[in-house]
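Here it is: the structure, laid out below.
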Amino acid sequence: MKEIKELPYTRQQKILEQLNRNDCVKIEQLAKDFNVSNMTIYRDILQLEKSGEALRVYGGVKAANKAAADVNEEGTAQNTIPTVLKPYCDSTIEERFHHEIEAKRAIARVAASYVKDGDVIAIDPSTTTLHMCSYLLNRKITVVTTSMSVALQLTSSKFIDVILCGGMVRKSALSIVGSLLPSVLKQIRINKCFLSSHGFTFEHGLTDMTMEECDAKKQLLNRSNEIYVLIDHTKVNQYSSFVVCDVEDMTRIITDSATQKIKKKKEIMQQCTEAGCKVTYAKV
């Protein structure tokens, strides 16, 4: 007799059981466990996310508390409590690069427009700033970075001088961290710093999940005259344990237009504007 495939609802309930046992599960692991394609699991996750039972994270999925969700199915804000980012799957930069890719490209394009010939700029190891590289290739600039990926992207340009900071390599992010950074950066004065992170609120500012990444970002912005924060709508109204910088330290926030469509996130941007930080919305 032909084997009957498992119903999507049954599989989704089993996924929830796994999420209740584990804080975060990777998509690839779920596909292997249920002997289905990654796309099938992705569709399951979308359904669970729509019902408020799960939340997509970089490269995986975690259980979600309905009371802490930012929006319902119609996109209406349900509460004003920022979501605390729990320990997550330390996914690779390749996995994170494709998350909210259209929003990141739009933000990166706008961010690149603030770079002028002759600038010395800093670019952190985030995937949003990595999208900036393709828009900078013809600029006559110097780029200081703690990202191996950014350095490799920009070496194809004959106009750009690249300074890759030395230190310990964080393999999942292909980033440079560690105590050697200050000794390199103290010799450089940076005009503009472009960075992102895992979460942003008005109260907590820009926050990160790891102490070493947070410290490396601080080393860049401490040597910079202007600070540009690139943050897509999924990261607004979320925060983590380690503060990168406060709103009053930021020159400009660049986010995507979807941020304006969610009441609480729009209110956060308004608070930033009133505090003296400029906000730019990139059209996707």
Side-chain angles (χ1 to χ4, degrees), residues 46 49-50 52 54-58 62 64-86 88 96-114 123-124 126-132 135 192-209 217 221 226-240 243-284:
L46 288 179
E49 189 173 46
K50 184 180 291 187
L55 180 67
R56 281 176 291 168
V57 295
Y58 300 121
K62 67 176 182 179
N65 186 334
K66 288 185 180 181
D70 282 329
V71 294
N72 60 19
E73 292 179 22
E74 287 74 32
T76 304
Q78 291 182 316
N79 63 48
T80 60
I81 302 173
T83 303
V84 180
L85 292 171
K86 299 177 182 178
Y88 72 117
R96 292 186 286 114
F97 186 80
H98 297 286
H99 182 76
E100 297 293 339
I101 189 168
E102 294 303 324
K104 290 179 179 179
R105 283 174 176 167
I107 292 168
R109 183 171 58 250
V110 171
S113 70
Y114 292 102
I123 298 180
D124 83 335
S126 69
T127 54
T128 307
T129 54
L130 180 57
H131 281 283
M132 286 181 65
Y135 301 108
K192 301 164 185 174
C193 179
F194 296 86
L195 74 160
S196 185
S197 198
H198 294 285
F200 174 80
T201 68
F202 180 76
E203 293 80 7
H204 300 88
L206 189 69
T207 54
D208 205 285
M209 290 185 173
K217 292 175 192 290
L221 62 87
E226 299 177 7
I227 299 170
Y228 293 77
V229 172
L230 285 55
I231 199 91
D232 70 70
H233 67 278
T234 65
K235 300 174 182 177
V236 179
N237 202 32
Q238 298 194 79
Y239 70 92
S240 191
V243 177
V244 177
C245 61
D246 297 318
V247 172
E248 53 262 33
D249 300 320
M250 303 173 187
T251 305
R252 184 180 298 272
I253 297 170
I254 306 173
T255 185
D256 58 291
S257 54
T259 302
Q260 294 177 297
K261 299 177 182 178
I262 301 171
K263 183 179 178 181
K264 178 56 184 176
K265 300 187 180 191
K266 183 178 180 180
E267 290 174 353
I268 290 172
M269 292 299 111
Q270 183 61 38
Q271 286 179 295
C272 295
T273 301
E274 292 171 357
C277 177
K278 299 175 182 178
V279 177
T280 300
Y281 296 96
K283 292 184 179 180
V284 179

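Quick note: residue numbers are just sequence positions, from 1.
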Is there a donor-acceptor pair closer than 3.5 Å between any side-chain N or O of Lys235 and the backbone N or O of Leu206?
-> no
Looking only at atom types and distance, does a side-chain atom of Thr129 sit under 3.5 Å from a main-chain N or O of Asp124, one as donor and one as acceptor?
->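 Looks like yes, one N/O pair under 3.5 Å.
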Nearest heavy-atom approach of Phe202 to Ala275 is CE1-CB, 3.9 Å
Taking side chain to side chain contact (heavy atoms under 4.5 Å, CB included) as the test, write out the residues that go with Ala108, two or more places apart.
->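 Here the qualifying residues are His131, Met132, Tyr135.
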Would you say the side-chain atoms of Gln238 pair up with the backbone N or O of Thr234, donor to acceptor, closer than 3.5 Å?
-> yes
Give, for atom OG of Ser257 and atom CG of Asp232, the distance between the pair rounded to the nearest 0.5 Å.
->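 Between Ser257 OG and Asp232 CG, I get 11.5 Å after rounding to 0.5 Å.
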For the residue pair Met209 and Ser197, establish whether any side-chain heavy-atom pair is separated by less than 4.5 Å.
-> no
Look up atom CE in Met269 and atom CD1 in Ile262, then write down how far apart they are to the nearest 0.5 Å.
->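 Taking CE in Met269 and CD1 in Ile262, the distance rounds to 11.0 Å.
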For Asp208 and Ser240, test the side chains for any donor-to-acceptor distance below 3.5 angstrom and give the result as yes or no.
-> no
Heavy-atom side-chain contact between Ile253 and Phe200 under 4.5 Å |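 Result yes, sub-4.5 Å side-chain heavy-atom pair found.
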Do Thr127 and Lys104 have a side chain donor and acceptor closer than 3.5 Å?
->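 Side chains of Thr127 and Lys104: pair found under 3.5 Å.
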Taking all non-hydrogen atoms of both residues into account, name the closest pair between Ala282 and Ala106 and its distance.
->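 Heavy-atom minimum between the residues: CB-O, 3.4 Å.
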Of all heavy-atom pairs between Ala111 and Ile254, which one has the smallest distance, and what is that distance?
->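 Taking every non-hydrogen atom into account, CA-CD1, 3.6 Å.
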May I ask you to decide if Tyr114's main-chain N or O and Lys192's side chain share a donor-acceptor pair within less than 3.5 Å?
->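 Yes, the answer is positive, given that a donor and an acceptor are paired below the 3.5 Å cut-off.
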Could you pull out all residues at least two apart from Glu102 that satisfy side chain to side chain contact (heavy atoms under 4.5 Å, CB included)?
->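 Glu102 satisfies side chain to side chain contact (heavy atoms under 4.5 Å, CB included) with Arg105, Val284 only.
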Please answer whether the main-chain N or O of His233 pairs with a side-chain N or O of Asp256 as donor and acceptor at a distance below 3.5 Å.
-> yes
Quick one: closest heavy-atom pair of Thr259 and Lys265, and the distance?
-> O-CB, 3.7 Å
Quick one: pull up OG1 in Thr128 and CD1 in Ile101 and give me the separation to the nearest 0.5 Å.
->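 Interatomic distance, Thr128 OG1 to Ile101 CD1, rounded to 0.5 Å: 10.5 Å.
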Decide yes or no for Leu230 and Leu195: does some side-chain heavy atom of the first lie under 4.5 Å from some side-chain heavy atom of the second?
->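 No - every pair of side-chain heavy atoms lies 4.5 Å or more apart.
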Pairwise distance SG(Cys193) to CG(Leu221) - rounded to 0.5 angstrom | 5.5 Å
Of Lys264, Lys266, Gln270, the residue whose pairing with Ile268 passes side-chain contact (heavy atoms from CB on, under 4.5 Å) =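 Running side-chain contact (heavy atoms from CB on, under 4.5 Å) over Lys264, Lys266, Gln270 with Ile268 returns exactly one hit, Lys264.
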Within the distance-only criterion (no hydrogens, no angle test), does the side chain of Thr207 pair as donor or acceptor with the backbone N or O of Val243 below 3.5 angstrom?
-> no
For Ile107 and Thr255, the nearest pair of non-hydrogen atoms, with its separation, is CG1-C, 3.8 Å
